[in-house]
Undergrad: 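There's a structure below that I have some questions on.
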Amino acid sequence: MNYWLVKSEPSAYSWDDFVKDGGTRWDGVRNYQARNNLRAMKKGDLVLYYHSGAGPGVVGVAKVVKEAYQDPTTEDDRWVAIDLEPVRALKAPVPLGDIKKEKRLKNISLLKQGRLSVVPVTKEEYEAVLSMGSVGK
DNA sequence: GCCAACGTTGGC
DNA sequence: GCCAACGTTGGC
């Protein structure tokens, strides 16, 4: 079991849209590192759902329901998509500012590689974020 | 709206 | 293969 974090601009596709849809295809990634992360995702892996832009932070948890396949939004076979489903919202969203202040999260890839839209998260980091979001394991 | 970080492109 | 120019992302 691995843990990840994906970013979305809420004005483009918010957590609420995701919940309303009951799941979505995560496509359109055009960055090699992010693509490699998508390829490494396994069915059942848990994914922190992060809002970028105004009021950035982690708002919910999703899970991988379909592993990497050819991204249908392009003919180019370098790119892949995965399918995600919502698991649950955090009781309290965890703002980026709090992530920056949290000692347990000082090495999180989200902070190390700010512009990557799909980043790995360790089990410890994942659990730290959930506890900050008032959600038990 | 600005700017820093950083990935990509293209000239050489 | 290097590196400058350029474009994009995302925080503020």
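Keep in mind the model is a prediction, meaning the values are calculated, not measured. Throughout, protein chains are lettered first and strands after them, A, B, ... in sequence-line order, and every chain is numbered starting at 1.
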Undergrad: Give me each pair satisfying salt bridge (charged side-chain N to carboxylate O under 4.0 Å, His left out) with a member in residues 68-79 of chain A, each pair once, sequence neighbours excluded.
TA: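 The answer is A:Arg30-A:Asp71, A:Asp76-A:Arg78.
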Undergrad: Which of residues 4-16 of chain A sit near DNA chain B, with a heavy atom under 4.0 Å from it?
TA: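 Those residues whose heavy atoms fall under 4.0 Å from DNA chain B, taken from residues 4-16 of chain A, amount to none.
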Undergrad: To which residues is A:Trp79 joined in a hydrophobic cluster, defined by side-chain heavy-atom contacts under 4.5 Å among Ile, Leu, Val, Met, Phe, Trp and Tyr, whether direct or through other members?
TA: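 So far as hydrophobic clustering goes, A:Trp79 is joined with A:Tyr32.
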Undergrad: Taking side-chain hydrogen bond (donor to acceptor under 3.5 Å, both in side chains) as the definition, give me every residue that meets it alongside A:Asn107, ordered by chain and number, with sequence neighbours left out.
TA: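 A:Asn107: side-chain hydrogen bond (donor to acceptor under 3.5 Å, both in side chains) contacts with A:Lys112.
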Undergrad: State which residues pass side-chain hydrogen bond (donor to acceptor under 3.5 Å, both in side chains) with A:Asp16; sequence neighbours excluded, sorted by chain then number.
TA: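 If we apply the side-chain hydrogen bond (donor to acceptor under 3.5 Å, both in side chains) test to A:Asp16, skipping adjacent residues, there are no hits.
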Undergrad: Going by side-chain contact (heavy atoms from CB on, under 4.5 Å), name the residues that satisfy it together with A:Glu124, two or more places apart in sequence or in a different chain.
TA: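 If we apply the side-chain contact (heavy atoms from CB on, under 4.5 Å) test to A:Glu124, skipping adjacent residues, the hits are A:Thr122.
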Undergrad: Which ring-ring contact (aromatic ring centres under 6.0 Å, His included) pairs, counting each pair once, include a residue from residues 96-134 of chain A, with sequence neighbours left out?
TA: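 Output for this query lists A:Tyr3-A:Tyr126.
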Undergrad: Distance-only check: which donor-acceptor pairs under 3.5 Å involve side-chain atoms of residues 96-105 of chain A, not counting sequence neighbours?
TA:
from	atom 1	to	atom 2	distance (Å)
A:Glu102	OE2	A:Arg104	N	3.2
A:Glu102	OE2	A:Arg104	NE	2.9

Undergrad: Please report how far the helix from B:dG1-C:dC12 to B:dC12-C:dG1 bends, comparing the axis fitted to its first five pairs with the axis fitted to its last five, to the nearest 10 degrees.
TA: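 Inter-axis angle at the ends, rounded: 10°.
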Undergrad: What are the residues of residues 94-109 of chain A, sorted by number, that bring a heavy atom to within less than 4.0 Å of DNA chain C?
TA: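 A:Leu96, A:Lys100 - these, ordered by number, are the residues of the stretch whose heavy atoms sit under 4.0 Å from the strand.
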Undergrad: Could you check which residues of residues 68-81 of chain A get a heavy atom under 4.0 Å from DNA chain C? Sort them by number, please.
TA: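 Nothing qualifies; none.
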Undergrad: For a 4.0 angstrom threshold against heavy atoms of chain A, report the outermost contacting nucleotides of DNA chain B in 5' to 3' order.
TA: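 On DNA chain B, the outermost contacted nucleotides are B:dA5 to B:dT8.
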Undergrad: Relative to each other, are the rings of A:Tyr49 and A:Phe18 parallel, tilted or perpendicular (30° and 60° limits)?
TA: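 Parallel: the ring planes of A:Tyr49 and A:Phe18 meet at under 30°.
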